[in-house]
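Any value given below was found using the heavy atoms of this structure, including those in side chains, with hydrogens, waters and symmetry copies removed.
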Amino acid sequence: MILFHVALGLKSGLGHLSRSITLAKDLKKKLNVSFLIPKDAVLARKILNQNNIPTFSFEKGKKINELVHIFPKNIKAIIIDISDAMYVKKPYLLTEYFHKIREKQIKLIVIDGLFKDRIICKDYPIFDILIQPYIEVNLNEKASAIKHLRGPDYVLLDNAFKKNIQIKKKYIPKLAKSIVISFGGSDPTLLTNEFCKFLTLNKEIFKEQLFTIILGPYMEKKNQYIIKNQIKELDNISIKNNIFNLKPFFDKSDLAILASGSTTRYEAASCGTPTLFFGINKDHEIQCKIYEKSACAQYLGQQSKIIKSSLLEELVSIINNKTKRYSMSKLGLNLIDGKGTSRLACEIFKIGL
């Protein structure tokens, strides 16, 4: 069995869970998989059940270095994806956990972040596999791993984004009229609220556009109510709740406006959807600027910029600039082949499970 242990905090959104589920689906073709989750993680359990993936629960509040003692006995490997805010700031909390895993001769596979969003600890044991599934990764950087899998060939996307040999071009209209907005599973910084205020203030300018706002399943009900109330008088905005697959929306949209979560940006690029994106975490600033150099997306800066007049100019400009959107779409379609999940599964099978 392969056990997954992923970050499930509200501020982590669904990113860690969704990409781990994507990998688990490929691995379960040959191996048994299970997710280690707290007993009170109701939504995570529901999502995993919907994907026919079993769970193994532990009591809330249990220290991470104690979890090894409750692992199922037949575990051969564990895949850990917990590079969230707490462990990035306090990586020493993981040291004993990793050492205990290795003492039990369980294969240790870690999915890590990038730059300031990485878990860095000098006392880490050597991982059997270290995965950094990002386009912006620094390939010159050394890591404590027997095998280091990183870069665009290992970007974790659902198989729905896998490319065939012939890449289908996306239709690019003269004006971008259909625009999808998604700011993550929980939107902890209330970026959706800020953007709805922006749309309300500029409703006459965008009256020809149709906006679809995706409200993530981790968003508080109170906040969902506030957002719906903000835009209730705007008939060109629709709200979608509890959406886990954004591909149909990217396929139908002329433009996407996103937060700085890497997986969602890559999904939009894979669909050929030109993208504007905000930073919601200063630790993501470096990779956001690097990603912008791929020219399939435009980085708008940190969330605070939303109140500035330059945002209006930039959005109006991209809506009217077919040439730029065509170029962004073409570059995005060729950025990722969507086969990274299959490659990772093959590499994991090789370590003798």
Side-chain angles (χ1 to χ4, degrees), residues 6-19 21 37-51 55 57 59-61 82 84-89 179-203 206 209-246 248-249 253 256-265 267 276-284 300-308 311 315:
V6 305
L8 292 174
L10 290 178
K11 292 186 178 180
S12 301
L14 283 172
H16 297 277
L17 179 63
S18 61
R19 70 182 181 184
I21 288 175
I37 63 173
K39 285 187 177 179
D40 64 339
V42 178
L43 180 57
R45 184 175 290 104
K46 179 181 178 181
I47 296 170
L48 288 161
N49 288 341
Q50 289 171 343
N51 286 277
T55 60
S57 300
E59 294 290 344
K60 180 183 178 182
I82 51 178
D84 61 1
M86 181 175 71
Y87 292 117
V88 168
K89 292 177 181 177
I179 301 174
V180 62
I181 299 166
S182 176
F183 297 133
S186 61
D187 189 8
T189 62
L190 305 182
L191 181 51
T192 309
N193 304 60
E194 291 299 314
F195 201 83
C196 286
K197 291 177 185 177
F198 168 80
L199 291 178
T200 302
L201 288 171
N202 297 286
K203 59 184 179 182
F206 298 118
Q209 276 64 51
L210 297 175
F211 294 91
T212 300
I213 299 177
I214 310 293
L215 303 184
Y218 271 131
M219 182 179 285
E220 293 181 1
K221 296 294 183 183
K222 179 182 178 181
N223 194 34
Q224 291 185 30
Y225 174 80
I226 292 172
I227 290 168
K228 291 174 182 178
N229 192 53
Q230 279 181 302
I231 52 119
K232 64 182 180 181
E233 295 181 3
L234 302 180
D235 57 10
N236 64 333
I237 300 179
S238 63
I239 296 286
K240 301 293 181 182
N241 296 84
N242 297 327
I243 302 298
F244 300 105
N245 180 13
L246 290 172
F249 297 94
S253 297
I257 301 174
L258 308 172
S260 52
S262 60
T263 299
T264 310
R265 285 190 276 115
E267 288 176 348
L276 304 178
F277 67 106
F278 289 98
I280 60 171
N281 184 336
K282 291 182 179 179
D283 289 345
H284 296 166
L300 297 170
Q302 290 294 305
Q303 178 176 345
S304 58
K305 187 177 180 179
I306 203 166
I307 62 174
K308 297 180 180 178
L311 171 61
L315 184 51

Student check: side-chain heavy atoms of [X] and [Y] closer than 4.5 Å:
| X | Y | answer |
| --- | --- | --- |
| Phe183 | Ile280 | no |
| Phe206 | Leu315 | yes |
| Leu17 | Leu8 | yes |

Of all heavy-atom pairs between [X] and [Y], which one has the smallest distance, and what is that distance?
| X | Y | value |
| --- | --- | --- |
| Gln302 | Phe278 | O-CD2, 4.2 Å |
| Phe211 | Leu199 | CZ-CD2, 3.7 Å |
| Pro38 | Arg45 | O-NH2, 3.6 Å |
| Ile239 | Lys228 | CG2-CE, 3.9 Å |
| Asn236 | Gln209 | ND2-O, 2.9 Å |
| His284 | Ser260 | ND1-OG, 3.2 Å |

Calculate, to the nearest 0.5 Å, the distance between atoms [atom1] and [atom2] belonging to [X] and [Y] respectively.
| X | Y | atom1 | atom2 | result |
| --- | --- | --- | --- | --- |
| Ile214 | Ser238 | CD1 | OG | 7.5 Å |
| Ile226 | Thr192 | CD1 | OG1 | 11.5 Å |
| Asn241 | Leu215 | CG | CG | 5.0 Å |
| Ile237 | Ile231 | CD1 | CD1 | 5.0 Å |
| Asp235 | Lys203 | CG | NZ | 10.0 Å |
| Leu258 | Arg265 | CG | CZ | 9.0 Å |

Please lay out, stage by stage, how Cys196 and Ile213 fare under the test side chain to side chain contact (heavy atoms under 4.5 Å, CB included). CA-CA 9 Å; Cys196 286; Ile213 299 177; 3.7 Å; yes
Checking Asp84 side chain against Ala7 main chain: does a donor-acceptor pair fall under 3.5 Å? no
Side chain to side chain contact (heavy atoms under 4.5 Å, CB included) between Lys39 and Lys60, worked out: CA-CA 6 Å; Lys39 285 187 177 179; Lys60 180 183 178 182; over 6 Å; no
By side-chain hydrogen bond (donor to acceptor under 3.5 Å, both in side chains), which residues pair with Glu233, not counting sequence neighbours? none
Asn193: what forms a side-chain hydrogen bond (donor to acceptor under 3.5 Å, both in side chains) with it, not counting sequence neighbours? Asn223
Run the ring-ring contact (aromatic ring centres under 6.0 Å, His included) test against Phe277 and tell me which residues pass, sequence neighbours left out. Tyr291, Tyr299
Is there a side chain to side chain contact (heavy atoms under 4.5 Å, CB included) between Glu194 and Leu190 once you walk through the steps? CA-CA 7 Å; Glu194 291 299 314; Leu190 305 182; 5.6 Å; no
Trace of the side chain to side chain contact (heavy atoms under 4.5 Å, CB included) decision for Thr200 with Leu234: CA-CA 8 Å; Thr200 302; Leu234 302 180; 3.9 Å; yes
Checking side-chain polar atoms at under 3.5 Å, does Asn229 have a donor or acceptor matched by the opposite partner on Lys232? yes
